[in-house]
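Please read the structure below before turning to the comments.
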Amino acid sequence: MNRLFSEFRAALMSTLVFAVVCCGVYPLVVFGISQVLFHDKANGSLIVDKDGTIHGSHLIGQQFTLDKYFITRPSDAGANGMAYDPTASAGSNLGPTSQKLHDTIMQNIAAYRTQNGLDTNTPVPADAVTASASGLDPHISLRNAELQTLRVAKARGLSVDKVSELIRENTDPASLGFLGEPGVNVLSLNLALDAQAPVK
């Protein structure tokens with residue numbers, strides 16, 4: 001009986017020690033290190049203006065529809081036709097043989113060309129008409145941004161050169177310099193446009 005209680009006590013003490021270390025000490029250490037060394041990233045890479053207003057995150061796309069803004073990549077994240085829902089990150093899961101996917105892409109191509117005043121035979125970047133796997137991609141390709149530049153410049157009363165400069169300033173390089181392609185952060189770019197040339 002004494003041996004049973006001894007083993008029970010040892011098991012209980014081990015459980016308590018591991019609970020304290022794994023559920024208390026370790027998370028606090030990791031949290032502390034992240035706050036000191038990676039404060040911005042550890043807190044969601046938020047975009048905060050001078051008065052403390054949070055506009056969003058560098059990591060999560062938002063929906064823009066007005067001509068004065070660059071348009072984000074399409075999104076399937078959200079239920080009941082909603083999009084860009086950060087609590088429901090997902091893709092459509094439609095395969096390459098899906099007629100619904102084909103029809104959606106064709107509609108998106110036509111709408112993109114119309115909105116940006118493009119010829120009917122102008123090639124449209126894939127990221128302009130297809131959703132990402134997460135549905136929350138914050139970036140668009142440089143070509144996508146270039147094709148939207150004239151529309152945004154006209155709506156803002158800015159020169160194409162000035163809008164192109166803002167695009168360059170809000171373009172993130174490829175990961176580690178060689179993985180993937182550079183991408184334009186749409187939220188950052190649109191906030192820069194609002195600061196440069198506010199339009200109601």
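This one's a predicted model, so the numbers in the text were calculated from it and none came from an experiment.
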message: Assigning hydrophobic clusters by single linkage (Ile, Leu, Val, Met, Phe, Trp, Tyr; side-chain heavy-atom cutoff under 4.5 Å), is L193 placed with I47?
response: yes
Would you mind reporting whether Y69 and L189 have side-chain heavy atoms less than 4.5 Å apart?
no
Do NZ/NE/NH1/NH2 and the carboxylate oxygens of E146 and R143 come within less than 4.0 Å?
yes
Taken to the nearest 0.5 Å, the spacing of Q99 CD from T104 OG1 works out to 9.5 Å
Handout entry: Exam field: side chain N190 to backbone F70, donor-acceptor pair closer than 3.5 Å
Key = yes
NE2/H102: more than 12 non-hydrogen atoms of other groups inside 6.0 Å: no
Check: Can you find a pair of side-chain heavy atoms, one from I140 and one from Q148, that are under 4.5 Å apart?
Finding: yes
Just checking, is any N or O donor in the side chain of D161 or S159 under 3.5 Å from an acceptor N or O on the other one? no
Interatomic distance, CD@Q115 vs CD1@I71, rounded to 0.5 Å, equals 4.5 Å
Identify whether the distance between the nearest side-chain nitrogen and carboxylate oxygen of D194 and R156 falls below 4.0 Å. yes
Nearest heavy-atom contact between G135 and Y84 is O-CD2, 4.0 Å
Under 3.5 Å donor-acceptor, N170 side chain and L166 backbone: yes
In terms of heavy-atom contacts, R113 and V124 come closest through NE-CG2, 3.7 Å
- Query: Can you check whether S188's main-chain N or O pairs, donor with acceptor, with N185's side chain at less than 3.5 Å?
  - Reply: yes
Within the supplied structure, the quantity of interest is the number of heavy atoms (other residues, nucleotides, ligands) at a distance under 6.0 Å from E165 CD; does it exceed 12?
yes
*Side chain to side chain, I54 and L46, heavy atoms closer than 4.5 Å*: yes
TODO: Answer yes or no: is there an ion pair linking D127 with R73, defined by an N-O contact shorter than 4.0 Å?
DONE: no
For V184 and S141: C-alpha separation, side-chain torsions, deciding distance, then whether side-chain contact (heavy atoms from CB on, under 4.5 Å) applies.
CA-CA 6 Å; V184 181; S141 65; over 6 Å; no
(message) I'd like to know if the side chain of S89 reaches the main chain of S134, judged simply by a donor and an acceptor atom lying under 3.5 Å from each other, with no hydrogens or angles considered.
(response) yes
Separation between CZ (R151) and CG (L118), nearest 0.5 Å, reads 9.5 Å
Q.
With a 3.5 Å distance limit and no angle check, can you tell me whether S98 reaches the backbone of L94 through a side-chain donor-acceptor pair?
A. no
